[in-house]
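All values below were derived from every heavy atom in this structure, side-chain atoms included, with hydrogens, water molecules and symmetry-related copies excluded. Bear in mind the structure is a predicted one, so any value in this text is a computation, not a measurement. One-based numbering, in listed order, for ligands and for the atoms of each.
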Amino acid sequence: MSESTNLSCYIAGKKIESSNSLDVRSPYDNRLVGTVALANASHTEEAIAAGLAGGKKLTRYDRYLILDKTRQLLVERKEEFARVISAESGLAIREAIYETGRAHDVLMFAAIECLKDDGQIFSCDISPSGKARKIFTTREPLGLAVAITPFNHPLNQVVHKIAPAIAAGTPVILKPSEKTPLTAIKIVELLYEAGLPGYMLSVLLGPTNEVAEPLVKHPAIELVSFTGSVAVGKRIATTAGYKKVILELGGNDPIIIMEDADIDTAVLLAAEGSFRNSGQRCTAVKRILVHEKINDLFLEKFLEKVKEYTCGDPSDPATKVGTVIDEASAIYLESVVKKAVEQGARVLYGGKRTGALMEPTVIVDVPRNADMVVHESFGPLAPIMTFKNIDDAIALSNSTAYGLSSGIITNNMDYAIRFIKELKVGTVNINEVPGYRIESSPFGGIKDSGLGIKEGVIEAIKCFTYVKTFSMPW
Ligand code: NAP
């Protein structure tokens with residue numbers, strides 16, 4: 001993407017008037033890839049008023065058509081979207097194309113849900129004290145919601161909140177990451193083009209104290225749906241006040257490789273989980289836990305595999321690992337590697353940083369208390385730790401503050417069942433990476449990774465509604 005894209009925040013379908021703008025630069029070579037006209041506190045008030053004012057009520061069929069049309073437009077423009085994602089985030093272009101496919105699925109599943117009834121019926125004559133009535137449930141849209149999204153999947157994170165809100169009929173104000181605003185605004189424009197009425201969606205970026213914080217605190221907002229870091233998520237939990245709050249926060253996911261594992265499967269999944277998306281997924285493999293009996297064999301094959309993850313220019317289709325989001329993040333990753341080495345760890349592959357490019361890095365003998373494995377390391381680091389037996393593996397896995405997901409490599413059903421029952425996480429994937437999901441299945445973590453309220457298209461639609469019951473003699 002050589003030309004720069006000049007975009008603006010929108011309030012209810014209209015570009016805002018603003019003299020302040022944000023420059024968006026490539027993390028790879030610092031070139032200007034776009035600008036965004038920024039909002040201020042009065043724009044925030046205006047967007048809230050426009051969402052609350054409402055407009056033409058959309059039928060289920062209207063919502064289906066808008067989401068499906070957006071899906072079709074995205075298919076037509078997927079290369080253009082992928083170029084913007086890659087340019088502003090530094091993600092490899094192949095990952096950006098993959099992300100457009102995920103967003104396609106989100107739009108498809110959300111469109112399908114529009115066509116389904118979501119009510120339940122309860123007969124009341126089913127106990128000694130019952131009588132001939134029925135209770136019916138119906139889901140009603142919220143008055144207005146706010147969606148706040150992180151940088152790491154610039155398109156998919158946004159679509160995972162906006163599409164369910166539209167399917168539910170709930171107007172929403174989007175506050176995307178300042179690090180990746182271009183993709184977010186482009187998908188908003190695509191939704192307008194597909195026929196979404198303005199009042200259903202605004203997109204605002206601007207100073208936190210003029211945009212994000214007033215949105216979170218505003219009493220007329222009925223839901224804040226947030227995906228991002230633990231620190232910001234916990235702050236929102238304390239400032240949001242009396243409203244629904246969905247928090248999808250950080251992770252420190254293990255892949256646990258048992259002694260009976262198919263070693264080639266283990267090597268492939270550990271590498272994909274650690275290095276895809278530059279290691280910047282909430283569910284990336286952040287710890288590789290290997291049974292001590294097979295550690296030598298695993299390591300030998302893993303060190304061969306990692307050579308395939310070429311790191312460099314994100315726009316080159318051959319690049320597998322692009323940059324992390326900015327140079328400051330790469331410097332942080334470099335520092336946690338250095339600190340672990342001071343504590344006795346050894347770097348067996350990679351470890352070098354150039355600007356925001358961090359090489360895929362394999363580190364062994366990582367102490368269990370190293371920052372790199374206690375906190376979330378959001379980058380292409382592969383710390384390998386060994387365990388003695390399944391009890392040790394479960395204890396080690398559960399030892400961090402996080403509880404998002406996990407991957408277990410085993411063909412032993414007894415092991416699989418113990419992990420499913422005993423890991424304190426939102427997801428356990430057997431013979432898959434922690435990040436495996438389809439876009440409609442329930443997704444979300446516990447402990448510091450979230451409050452246990454799931455997203456994924458179907459659950460997220462429920463979050464954007466409230467249930468009303470009514471009963472009738474029957
Ligand atoms: P972040 O720093 O927490 O930012 C996320 C969003 O919050 C951005 O839009 C940011 O806006 C906004 N924000 C910042 N301060 C705020 C405040 N005081 N009130 C309201 N909003 C505020 O997270 P990030 O660095 O972009 O994303 C990486 C993190 O997200 C990682 O921890 C990753 O694990 C997590 N994540 C979790 C999931 C999940 O589903 N569990 C999925 C993806 C990512 P600005 O850009 O303007 O600062």
Side-chain angles (χ1 to χ4, degrees), residues 9 22 24 27 36 38-39 44 88-89 99 102 106 146-161 173-185 203-218 221 224-241 245-253 277-286 324-326 328-329 332-333 375-379 400-405 425-427 434-435 437 439 441-456 459-460 463:
C9 295
L22 170 74
V24 184
V36 176
L38 291 178
T44 304
E88 69 176 345
S89 69
E99 185 165 336
R102 289 191 63 190
V106 174
V146 164
I148 303 178
T149 53
F151 69 79
N152 65 311
H153 286 290
L155 178 62
N156 204 40
Q157 292 294 348
V158 168
V159 175
H160 253 294
K161 297 200 186 291
I173 300 173
L174 170 67
K175 209 309 280 169
S177 169
E178 273 209 6
K179 293 169 182 161
T180 54
L182 304 176
T183 311
I185 294 175
V203 54
L204 299 181
L205 288 126
T208 306
N209 64 349
E210 296 195 44
V211 178
E213 282 177 354
L215 286 172
V216 165
K217 289 179 187 163
H218 201 286
I221 304 288
V224 175
S225 177
F226 172 82
T227 299
S229 63
V230 176
V232 175
K234 287 192 173 178
R235 188 182 160 88
I236 288 173
T238 61
T239 56
V245 179
I246 312 292
L247 300 173
E248 298 292 349
L249 310 180
N252 195 348
D253 293 352
N277 227 56
S278 302
Q280 297 173 127
R281 300 177 71 166
C282 52
T283 51
V285 168
K286 308 216 169 96
V324 292
I325 191 63
D326 52 26
S329 302
Y332 172 75
L333 293 167
H375 304 294
E376 181 181 37
S377 300
F378 218 51
T400 78
Y402 299 87
L404 192 54
S405 188
V425 289
T427 297
R437 63 192 284 202
E439 310 301 336
S441 59
F443 172 79
I446 57 171
K447 296 164 68 182
D448 272 6
S449 297
L451 297 173
I453 301 168
K454 297 285 189 190
E455 286 198 324
E459 292 300 310
C463 294

Is Glu213 close to ligand 1, meaning an N/O of one under 3.5 Å from an N/O of the other?
yes
Between Glu88 and Thr183, do the side chains contain an N or O donor and an N or O acceptor separated by less than 3.5 Å?
yes
Residues at least two apart in sequence or cross-chain that pass ring pair (Phe, Tyr, Trp, His ring centres under 6.0 Å) with Tyr402, listed by chain then number, are none
Test of proximity, Leu249 against ligand 1: N or O pairs below 3.5 Å
yes
At what distance is the nearest protein heavy atom to atom 1 (P) of ligand 1, and which residue and atom is it?
Ser229 OG, 3.6 Å
Please state which protein non-hydrogen atom is closest to atom 7 (O) of ligand 1 and give its distance, to 0.1 Å?
Phe226 CE1, 3.2 Å
Side chains of Ser225 and Glu455: any donor to acceptor distance under 3.5 Å?
yes
Which protein non-hydrogen atom lies closest to atom 27 (O) of ligand 1, naming both residue and atom, and how far is it?
Pro150 CB, 3.2 Å
When you look for heavy atoms under 4.0 Å from ligand 1, do you find them on the side chain of Thr149, its backbone, both, or neither?
backbone
Indicate whether the side chain of Thr400 and that of Lys286 have a donor and an acceptor atom separated by less than 3.5 Å.
no
Is there at least one pair of N or O atoms, one from Thr227 and one from ligand 1, spaced under 3.5 Å apart?
no
Do Asp253 side-chain atoms and Ser405 backbone N/O form a donor-acceptor pair below 3.5 Å?
yes
At less than 4.0 angstrom from any non-hydrogen atom of Arg235, what atoms of ligand 1 do you find?
18 (N)
Among non-hydrogen protein atoms, atom 16 (C) of ligand 1 lies closest to Val232 CG1, 3.5 Å
min-distance protein heavy atom vs atom 17 (C) of ligand 1 -> Thr208 CG2, 3.7 Å
Sequence neighbours left out, what passes ring pair (Phe, Tyr, Trp, His ring centres under 6.0 Å) with Phe226? Give chain and number order.
none
When you compare ligand 1 with Glu376, is there at least one nitrogen or oxygen pair between them that comes in under 3.5 angstrom?
yes
Numbered atoms and elements of ligand 1 in range of Ile148, under 4.0 angstrom, heavy atoms
6 (C), 7 (O), 9 (O), 12 (C), 20 (C), 21 (N)
Note: ligand 1 atoms sitting under 4.0 Å from heavy atoms of Phe378 are 28 (C), 31 (C), 33 (C), 34 (O)
Minimum heavy-atom distance Lys454-Glu459, with the two atoms named:
O-CB, 3.4 Å
Per-atom contacts, ligand 1 versus Ala212 - under 4.0 Å to a heavy atom
20 (C), 21 (N)
Could you state the interatomic distance from OG (Ser89) to CG (Leu182), rounded to the nearest 0.5 Å?
10.5 Å
Can you check which of Ser177, Ala284, Ser449, Cys282 brings a heavy atom nearest to atom 36 (N) of ligand 1?
Cys282
What heavy-atom pair brings Val203 and Cys9 nearest, and what distance separates the two atoms?
O-CB, 3.2 Å
Are any non-hydrogen protein atoms located under 4.0 Å from atom 48 (O) of ligand 1?
no
Atoms of ligand 1 close to Lys175 [distance to a heavy atom under 4.0 angstrom, numbered from 1]
8 (C), 9 (O), 10 (C), 11 (O), 45 (P), 46 (O), 47 (O)
Is it the case that the side chain of Ser449 and the backbone of Gly403 share a donor-acceptor pair, with hydrogens and angles ignored and the cut-off at 3.5 Å?
yes
Rounded distance [0.5 Å steps], CZ in Arg102 versus NE2 in His153:
5.0 Å
Which is it for Pro176 and ligand 1 at heavy atoms under 4.0 Å: side chain, backbone, both or neither?
backbone
Atoms in ligand 1 flagged as close to Phe151, the criterion being non-hydrogen separation under 4.0 Å:
24 (P), 25 (O), 26 (O), 27 (O), 28 (C)
Output yes when the distance from some N or O of ligand 1 to some N or O of Lys286 is under 3.5 Å, and no in every other case.
no
How does Gln157 reach ligand 1, by side chain, by backbone, by both or by neither, if only non-hydrogen atoms under 4.0 Å count?
side chain
Hey, what do you get for CD1 (Ile246) to NZ (Lys161), rounding to the nearest 0.5 Å?
7.5 Å
Using only atom types and a distance under 3.5 Å, with no angle test, would you say the side chain of Glu99 pairs donor to acceptor with the backbone of Asn156?
yes
Going by the atom numbers of ligand 1, which of them fall below 4.0 Å from some non-hydrogen atom of Asn152?
43 (C), 44 (C)
